[in-house]
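Here is the structure we will look at.
Residue numbers start from 1 in every chain, and the chains themselves are labelled A, B, ... in the order their sequence lines are given, proteins ahead of strands. All values reported here derive from a predicted model rather than from experimental measurement.
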Protein chains: 2
Amino acid sequence: MPRTVDHEERRSMILGAFMRVAAREGLHAVSLRGVAAEAAISLRSVQYYFETKARLMQSGLTALETISNERLSARLHALGPSPGVRATLEAYFAVALPTDHESRQFHLLWTSYAMLAMTDPEISDRTFVDGPDRQHARIASLMEKGKSDGDFHGELDSEIEATILISLIHGIGTAVLVGQQTEERAFASFGHYLDGLSGQASGEPGRDQQRSE
Amino acid sequence: MPRTVDHEERRSMILGAFMRVAAREGLHAVSLRGVAAEAAISLRSVQYYFETKARLMQSGLTALETISNERLSARLHALGPSPGVRATLEAYFAVALPTDHESRQFHLLWTSYAMLAMTDPEISDRTFVDGPDRQHARIASLMEKGKSDGDFHGELDSEIEATILISLIHGIGTAVLVGQQTEERAFASFGHYLDGLSGQASGEPGRDQQRSE
DNA sequence: AACTTTATGATACACGTGTACCATAAAAAT
DNA sequence: ATTTTTATGGTACACGTGTATCATAAAGTT
């Protein structure tokens, strides 16, 4: 048609189609023609906006990360001005757990991308280090805040506990995704883990407990 | 060549080639011709022993599960006649953590299969429920043993704690696989988690030490 | 020795794939 | 009004794929 269209809007429209196809038929089954059909445009147009398939795949990963961050931000903002540490961590968990369509889609695609990056050099595997690294830093600082707020016991190792928490979120997420765990048990388990951060933990059992409040 | 060959031996030989190709180039990139080349036989022979690709894929998943169980059994046997609960759980973790080639291969393929099963109906997704279910039962019973042995505190919820532990193993495993966590931090984190099972945990913080009887 | 079964080789076929190329309508630029 | 640029449509090409078919050497069976 015309000469001037909004490239960014066009690209994100195609990326939306890409995500739907990938989530429905699997990341391995994505084809340029499939994306074109989903977006109701021609194959040529997909080529026009994403020169090559490798670039489309890479853009898809970036878009996935962006969407995920936005979802998390929205959820955290919904908690109000200065939410408690526990409520914040529960929000992290709730937004990551694959219960609704969007979170299922994210978990499936994110994990598929991660496995793909292990064998396919065309996907930058730094994404799967940098993203979790940032998340780790944020959660570790939350843990510190929890300690000074008195929510968590003082012996808590923020770095290690952040590693555990992130791994737990992902691990439980996978269990729920494949249908091995129910949403209810997932929340119960995570809540149980958070409970342990408040009481005494680690090191020498049978020691005195922390006086927090 | 001849008329009589050992079918089972031939099949497992081909499955070995399948696993190598899948681990090296990704599960999505496996082709009958690729497997044939890796096994140094003709395409026709792969067809002969695994009628269709779908059946080869399914057999690959089954073989993966079998190998994994054998590796775990071997590791547990190496612990001696009546190992402690903590040592047993550490063995579970050590065998699952993707550090050497075999465990990396297993984690990569298992996760790839799980994601594939989400979109592809030709892979029975019950594998990813039944396997972890059995593992869960075994670990929950280990937790119970740990409680009666006095290794773990008495308030411990074996069912929930087993869920957490399994998810943790998988979650940390993924983090190590993608290179976001080092092997050392992984072991440290898991050890830290196990420490928490000995001391007080859960429920109402600030409570008394336990009056379990 | 004649015959049958088994295992394998070679190959053809239809199909889906990513990519490249040519044409062209529509708008902008001159 | 003419020319140029932008966005898109259509299509061809080479290639890899799973599957099916035909052929045949080797061993067992009679």
ask   = Under the 3.5 Å rule, do the base of dG16(D) and the side chain of Arg33(B) count as making a donor-acceptor pair?
value = no
Atom pair distance, as rounded to whole Å: CD in Glu25(B) and C1' in dT17(D) = 14 Å
ask   = Listed in order of residue number, which residues of residues 45-62 of chain A have a non-hydrogen atom at under 4.0 Å from DNA chain D?
value = Ser45(A), Tyr48(A), Tyr49(A)
task = Among dT17(D), dT8(C), dG18(C), find the nucleotide with the atom closest to the side chain of Arg44(B).
result = dT8(C)
message = Taking 4.0 Å as the cut-off, does a side-chain nitrogen or oxygen of His7(A) come that near to OP1 or OP2 on dA7(D)?
response = yes
message = Taking the ring centre of each residue, are Tyr113(A) and Phe128(A) less than 6.0 Å apart?
response = no
Geometric class of the Phe190(A)/Phe93(A) ring pair [parallel <30°, tilted 30-60°, perpendicular >60°] = parallel
key: Arg185(B) vs Thr163(A), side chain to side chain donor-acceptor pair (under 3.5 Å): CA-CA, chis, key distance, verdict   = CA-CA 9 Å; Arg185(B) 278 191 66 91; Thr163(A) 298; 2.9 Å; yes
query = Salt bridge check: are Glu65(A) and Arg134(A) linked by an N-O gap of less than 4.0 Å?
reply = yes
remark   = Between CG of Leu43(B) and C1' of dT17(D) the distance, given in whole Å, is 10 Å
query = Between Asp149(B) and Arg86(B), is the closest basic N to carboxylate O distance under 4.0 Å?
reply = no
request  = Please report, rounded to the nearest Å, how far the P atom of dT8(C) is from the CE atom of Met13(B).
outcome  = 8 Å
Out of dA7(D), dT19(D), dA7(C), whichever nucleotide has its closest atom nearest the side chain of Leu32(B) = dT19(D)
inquiry  = Can you see if the side chain of Ser31(A) gets near the phosphate of dG16(C) - specifically, an N or O under 4.0 Å from OP1 or OP2?
reply    = no
task = Before giving the answer on side chain to side chain contact (heavy atoms under 4.5 Å, CB included), spell out for Phe50(A) and Leu15(A) the whole-Å C-alpha distance, their side-chain angles and the decisive distance to 0.1 Å.
result = CA-CA 10 Å; Phe50(A) 300 88; Leu15(A) 281 176; 3.8 Å; yes
